[in-house]
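Owing to the predicted nature of the structure, the values given are computational and were not obtained by experimental measurement. Because only heavy atoms are used, hydrogens play no part in the values below, and waters and symmetry mates are left out as well, while side chains stay in.
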Amino acid sequence: MAEDSNSSSSTHPPLPPTSEDDRFAWLRLLRSRRVGPATFWRLLSEHGTALAALDALPQVAAAAGVENYHVCPEGVALAEVKAARRHGAVLVFRGEPAYPPLLSDVSDPPPFLWVCGAPEVLARPSVSLVGARNASSLGTRMARALARGLGAEGYVVVSGLARGVDTAAHDAALATGTVAVLAGGVDVLYPSENTRLAEEIRAQGGALVSEQPMGLQPQARHFPARNRIVAGMSGATVVVEAAAKSGSLITARCALDMGREVLAVPGHPLDARAGGCNLLIRDGARLVRHAEDVIEALGPLASAARPPVQAQLPLDLDDAVIDDAPVVPVALPERRSLRETAALHAEILSRLGPVPVAEDQLIRDLAEPSDTVSPVLTDLELDGRIQRRPGGLLTRVS
């Protein structure tokens, strides 16, 4: 039951689920163990419906040598739906009008997305802006200028809500439309200092998007999947600043694999933050000076915008099953100062070495809440300063 990365479902997109039972079955199927998008689409193709695929999945797993396999329990899926209801998230399924049209065309796209905000913004033409988390002053200025210019021409700006270039791009495109694709659950705002920005994105007609379960704390392995959605949603990906080895280049490679335009802002050869952009340009990416260069690469906008789409509430199951809880904004965690965050970084690094330490033991030693420590661990992992090992163990990278 390994994920089949070579399969494709874009040639004949299936119809979206039409009943509440079928919508719920799609959710359960994708949340079942060892089922990712590629396996999901293969099972749906072989068995016709998600309900039939769920019935067949234990036998499929047994044939693959997986014993005692159980599909996602109804209670687990119901808990996710309830969490989504509390946070105002809706499910948008592939094949529905609000599902990003370009994302639907990639190989093995997400079967559905959780969306907080305005789902209709996902159907508009978009451009992805990505770049360094430790962006320079010039890099953030360039990201803002590009986002403003693209927004003025009717494009939605898509990025990943990360620090640096992503933050600048989202902020500059608030008034014209922006989509933040999250690596964790759509209710888990990472990094925490961007919680206010995320709230503004929702309030001003943008959207927060994720394929992950509600409540999932992001780890380093989740970001490549996030980057694939960022690239897949847009006709072009613009890299503003990026080191030679960075997540932004993963996004660019995804865009190239999908046959999309890749553009890059050049930088000084001695600036490591420009190394990835300069490599992309050397290898054939278009050079970007201003928004007009991006618009020229994409061609003219469609003559008529898509009409607004009324998205369905997440699985409007019977009220006896799903409590009619009020929709509330995403809860904003207590914001830590940069000094406090830096101190926690240093404290974690001082407690780690080459000998693995269990993550839960580290959290107990720090006497900090897990939802405070987990984002900092992800920061350090992305920076290459710690490494996660099997079994929930952590080591410091020399």
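The pair E199-R202 fails the salt-bridge criterion, with no side-chain N (NZ, NE, NH1 or NH2) lying under 4.0 Å from an Asp/Glu carboxylate O. Using a 4.0 Å cut-off between charged side-chain N and carboxylate O, E193 and R163 make a salt bridge. Using a 4.0 Å cut-off between a side-chain N of Lys or Arg and a carboxylate O of Asp or Glu, D293 and R286 do not qualify as a salt bridge. Under the 4.0 Å criterion applied to side-chain N and carboxylate O atoms, E200 and R196 are not assigned as salt-bridge partners.
V230 is not connected to I250 by any chain of hydrophobic side-chain contacts under 4.5 Å among Ile, Leu, Val, Met, Phe, Trp and Tyr, and they are in different clusters. Under the 4.5 Å side-chain contact rule for hydrophobic residues, V165 and L287 do not share a cluster. Cluster membership for L249 and M258, using ILVMFWY side-chain heavy atoms within less than 4.5 angstrom, is shared.
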* **CA sep, side-chain torsions, deciding dist, call: T178, V157, side-chain contact (heavy atoms from CB on, under 4.5 Å)** => CA-CA 5 Å; T178 184; V157 172; 4.2 Å; yes
* To do: In sequence, state the C-alpha distance, the side-chain angles, and the governing distance for V106 and R228, and then conclude on side-chain contact (heavy atoms from CB on, under 4.5 Å).
  => CA-CA 10 Å; V106 307; R228 182 172 180 266; 4.0 Å; yes
* Could you walk me through whether L54 and S32 pass the side-chain contact (heavy atoms from CB on, under 4.5 Å) test, one step at a time? => CA-CA 9 Å; L54 283 169; S32 294; 4.0 Å; yes
* Asked: Stepwise, does the side-chain contact (heavy atoms from CB on, under 4.5 Å) test hold for M214 with W114?
  -> CA-CA 8 Å; M214 301 292 295; W114 282 115; 4.1 Å; yes
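Checked against the 6.0 Å centroid criterion, the rings of W26 and F93 qualify as a close aromatic pair.
S136 and D271 share no donor-acceptor pair across their side chains, judged by distance under 3.5 Å alone. Looking at R260 and S234, their side chains never bring a donor and an acceptor atom within 3.5 Å of each other. Between the side chains of T237 and T251, not a single donor N or O lies within less than 3.5 Å of an accepting N or O.
The minimum heavy-atom distance linking P37 with P109 is given by the pair CB-O, 3.8 Å.
Residues near L216 contribute nothing to a hydrophobic cluster around it, because no ILVMFWY side-chain heavy atom sits closer than 4.5 Å to its side chain.
When each of R85, R86, R28, R31 is tested with E80 by the rule salt bridge (Lys or Arg N to Asp or Glu O under 4.0 Å), just one qualifies, namely R31.
Within the 4.5 Å cutoff, no side-chain heavy atoms of V92 are placed close to those of F112.
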